[in-house]
Amino acid sequence: MSDLSHAGNTPASSPIPTSTDPAGADPAAQSTAARNAHDTGVADSGRWSTRRIAIYALFVALAMATSFVEFPIIPGVPWLKYDPSGIVCLIAGFAFGPSAAAIVSVLGFTPHLLMDPWGTLMAVLVSLALSVPAALVYKYRRSQGGAIAGILLGALCALAIAILGNLVVTPIYAHMSIAQVAALIMPVLLPFNLIKFAIDGVVTYLIYKPVSNLLHR
């Protein structure tokens, strides 16, 4: 916080008392003070303020809650379920940067770790691949075009991780061969993940601005 008092020598015949009232302060100092007073502390860099920690914790809690809201989106494949946690991770990344996207993506799935460690690993990797690249693009291009480009890049990265991850991880815990998993890519895995990332991207694009305005009030 800038010091708003003015030091200096004044003639004895016209003493000017030192005032703590910012009304008589230098305008530049007032501007700096105002910025500091309203600093949210939630930017991607800088000190960790109480507000920043609280907002990150809120996003982690939302990611945890939405990760349990699961439902199938491909008929005949009930074991592939969509959950909206990716939307939470994307919004966190758009609002507060790549580090927020990474934190929410990792911590948001911790409740599943003991119940389904391999599935949790897959979910975390896919979420990181979706939200971190999107947040990086939007960090340097804060526009509608930047948001769309970020979402598309994130979706492509997440799609690659989802397919490769299924080829490596699914045979370990689902008792399937790599060939059996590979045979599911075109008819099942690819459509499922395309629909999943399309939902995440469209919903994020539609609701990000209102949510961001609310967060930064």
Side-chain angles (χ1 to χ4, degrees), residues 56-94 98 100-137 147-148 150-208 211:
Y56 278 30
L58 174 62
F59 272 101
V60 170
L62 285 173
M64 287 181 180
T66 53
S67 70
F68 286 97
V69 182
E70 300 177 316
F71 51 90
I73 54 176
I74 298 291
V77 192
W79 49 275
L80 280 178
K81 296 181 180 181
Y82 171 81
D83 71 80
S85 60
I87 298 169
V88 179
C89 298
L90 278 171
I91 292 176
F94 278 6
I103 290 169
V104 176
S105 296
V106 174
L107 297 183
F109 290 97
T110 51
H112 300 272
L113 192 57
L114 295 177
M115 298 179 290
D116 184 10
W118 289 110
T120 301
L121 175 62
M122 279 286 298
V124 169
L125 291 177
V126 170
S127 184
L128 286 170
L130 174 66
S131 61
V132 173
L136 278 170
V137 171
I148 293 172
I151 290 171
L152 290 176
L153 176 62
L156 288 174
C157 293
L159 182 62
I161 293 297
I163 299 300
L164 292 175
N166 273 287
L167 289 172
V168 174
V169 175
T170 302
I172 296 174
Y173 76 94
H175 307 294
M176 298 173 66
S177 67
I178 295 177
Q180 288 175 315
V181 177
L184 294 174
I185 291 177
M186 292 305 294
V188 176
L189 296 177
L190 186 61
F192 169 80
N193 284 288
L194 286 175
I195 295 171
K196 174 182 177 178
F197 301 138
I199 295 172
D200 288 346
V202 170
V203 174
T204 299
Y205 181 80
L206 292 176
I207 71 172
Y208 165 65
V211 172

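Values reported hereafter were calculated over all heavy atoms of this structure, with side chains retained and with hydrogens, waters and symmetry mates removed.
When all heavy atoms of V124 and S105 are compared, the pair lying nearest together is CG2-O, 3.9 Å. Closest non-hydrogen pair, D83 versus T66, comes out as CB-O, 3.6 Å. The two residues A155 and L130 come nearest to each other via the heavy atoms N-CD1, 3.7 Å. Considering every non-hydrogen atom in both K81 and F192, the closest pair reads O-CZ, 3.4 Å. When all heavy atoms of G86 and D200 are compared, the pair lying nearest together is CA-OD2, 3.9 Å. Closest heavy-atom contact between G93 and A135: O-CB, 3.5 Å.
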Problem set entry | Y205/V203 under side chain to side chain contact (heavy atoms under 4.5 Å, CB included): CA gap, chis, key distance, verdict | CA-CA 5 Å; Y205 181 80; V203 174; over 6 Å; no
Problem set entry | Derivation and outcome, side chain to side chain contact (heavy atoms under 4.5 Å, CB included), residues F197 and L90 | CA-CA 11 Å; F197 301 138; L90 278 171; over 6 Å; no
For this session: Determine, step by step, whether F94 and T204 satisfy the side chain to side chain contact (heavy atoms under 4.5 Å, CB included) criterion, reporting the C-alpha distance in whole Å, the side-chain angles of both residues, the deciding distance to 0.1 Å, and the verdict.
Result: CA-CA 9 Å; F94 278 6; T204 299; 4.1 Å; yes
Exercise. What's the verdict on side chain to side chain contact (heavy atoms under 4.5 Å, CB included) for V60 and T110, showing C-alpha distance, side-chain angles and the deciding distance?
Worked result: CA-CA 10 Å; V60 170; T110 51; 6.0 Å; no
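In this structure, L159 and L190 have side chains that are in contact, with non-hydrogen atoms separated by less than 4.5 Å. Taking 4.5 Å as the limit, some side-chain heavy atom of I195 sits within range of a side-chain heavy atom of I74.
Under the 3.5 Å distance criterion, the side-chain polar atoms of Y56 are left unmatched by any main-chain donor or acceptor of I103. Without hydrogens or angle criteria, S127 side chain to A123 main chain gives no donor-acceptor distance under 3.5 Å. Within the 3.5 Å criterion, the main-chain N or O of H112 finds a donor-acceptor partner in the side chain of T120.
No more than 12 heavy atoms of other residues, nucleotides or ligands sit less than 6.0 Å from atom CD1 of I178. Other residues, nucleotides and ligands contribute more than 12 heavy atoms inside 6.0 Å of the CE atom of M115.
Considering CD1 of I91 and CD1 of I207, their distance stands at 3.5 Å, rounded to 0.5 Å. The CG atom of L136 sits 9.5 Å away from atom OG of S131, with the distance rounded to the nearest 0.5 Å. From L62, atom CG reaches atom CG of L58 across 4.5 Å, with rounding to the nearest 0.5 Å.
Each side chain to side chain donor-acceptor pair (under 3.5 Å) pair with one or both residues in residues 158-168, not counting sequence neighbours, appears once here: N166-T170.
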